[in-house]
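Remember, it's 1-based here, ligands and their atoms both numbered in the order they're listed. This one's a predicted model, so the numbers in the text were calculated from it and none came from an experiment.
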Amino acid sequence: MSQIDNLPPLRDVIASHDLVAKKALGQNFLLDLNLTARIARVAGDLSGMDVLEVGPGPGGLTRGLLSEGARRVLAIEKDSRCLPALAQIAEAYPGRLQVIEGDALQVDPLAHLTPPIAICANLPYNVGTELLVRWLTPAEWPPFWSTLTLMFQKEVAERIVAQPGSKAYGRLAILSQWRTDARIALTLPPGAFSPPPKVHSAVVHLKALPEPRFPAQAKILERVVATAFNQRRKMLRASLKGLGPDIEDRLNAVGIPPTERAEQVSLEAFCALARTFEK
Ligand code: SAM
């Protein structure tokens with residue numbers, strides 16, 4: 001296996017810092033540095049870009065990002081046990097790695113980053129989807145980042161790229177495809193991680209569009225879509241009842257049959273429905 005840097009192999013790093021994986025923090029570490037470099041390449045040309053990495057752990061992906069030429073990496077890690085391993089990487093790449101110990105859901109990374117900015121992460125499922133929705137739904141667009149390269153459970157990745165009429169189609173598909181070009185770039189078997197998770201994983205690449213595909217206010221679209229898919233088997237006139245007594249008129253006004261189910265409705269039609277709630 002070829003070397004990507006002069007630092008010790010990840011297995012040795014994990015052993016020497018006694019980084020026994022903690023389930024509560026969703027720790028499934030990538031050990032193959034050729035693979036982490038490959039994931040970094042999914043993010044595109046990183047030279048001249050700052051990269052925000054959430055959850056660097058022992059630093060496999062961090063090393064991939066740095067060896068692939070990221071101008072700077074800002075890494076936010078909740079588990080203080082990982083900090084000494086990350087400090088070794090910072091030493092090997094002087095001035096290019098800054099580590100913040102903290103919860104990525106609480107830390108505002110913007111003060112530490114200079115555009116253009118790419119985001120790259122291998123995160124636990126819950127934190128990952130919450131951050132993805134946050135990154136996709138700022139009031140203003142374009143956002144502070146240009147691309148997102150994110151590892152998810154394969155089933156979540158399929159929800160991001162799903163099309164209407166499929167079981168996987170829902171909130172994540174609509175919010176992702178509304179404002180980005182999204183694709184699955186890589187799928188990985190459980191054995192790529194230590195310890196191996198129960199399911200396959202996939203790396204999704206999302207590229208911010210200069211403007212959303214259809215006009216809508218993010219908060220309103222998010223609420224309409226979340227409500228519609230909360231009871232996805234019901235007809236929309238029933239599942240959306242909570243949005244107002246005149247929901248049937250609104251559906252008719254934008255050409256959505258009130259007897260339709262959410263999973264049949266296009267992104268364009270959801271945006272049109274969301275616009276009827278704008279003041
Ligand atoms: N990036 C490493 C890799 O690919 O091997 C580690 C990936 S592991 C799936 C997830 C990492 O996210 C762990 O290091 C964990 O401690 C960290 N983490 C979990 N929740 C976090 C949070 N809320 N904020 C920041 N880091 C978090």
Colleague: Establish, from distance only, whether the side-chain atoms of His200 and Thr187 form a donor-acceptor pair under 3.5 Å.
Modeller: no
Colleague: Taking Asp181 first and then Lys207, would you say they form a salt bridge - that is, a charged N and a carboxylate O separated by under 4.0 Å?
Modeller: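 No, this pair does not count.
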Colleague: Which of these passes side chain to side chain contact (heavy atoms under 4.5 Å, CB included) with Pro109: Ile76, Ile117, Ile119?
Modeller: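 The residue from Ile76, Ile117, Ile119 that satisfies side chain to side chain contact (heavy atoms under 4.5 Å, CB included) with Pro109 turns out to be Ile76.
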Colleague: Could you pull out the N/O contacts under 3.5 angstrom between ligand 1 and the surrounding protein atoms?
Modeller:
unit_1, atom_1, unit_2, atom_2, d
ligand 1, 1 (N), Gly55, O, 2.8
ligand 1, 1 (N), Pro56, O, 3.4
ligand 1, 4 (O), Asn122, ND2, 2.8
ligand 1, 5 (O), Leu30, N, 2.8
ligand 1, 14 (O), Gly57, N, 3.4
ligand 1, 14 (O), Glu77, OE1, 2.8
ligand 1, 14 (O), Glu77, OE2, 3.4
ligand 1, 16 (O), Gln27, NE2, 2.9
ligand 1, 16 (O), Glu77, OE2, 2.6
ligand 1, 23 (N), Asp103, OD1, 2.8
ligand 1, 24 (N), Ala104, N, 2.9
ligand 1, 26 (N), Lys78, N, 3.4

Colleague: Search all heavy atoms of Gly57 against all heavy atoms of Phe29 and return the closest pair with its distance.
Modeller: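 Heavy-atom minimum between the residues: CA-CE2, 4.2 Å.
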Colleague: Does the side chain of Arg261 pick up a donor-acceptor pair with the side chain of Gln231 at under 3.5 Å?
Modeller: no
Colleague: Over 60° means perpendicular and under 30° means parallel, so classify the ring planes of Phe270 and Phe229, tilted if in between.
Modeller: tilted
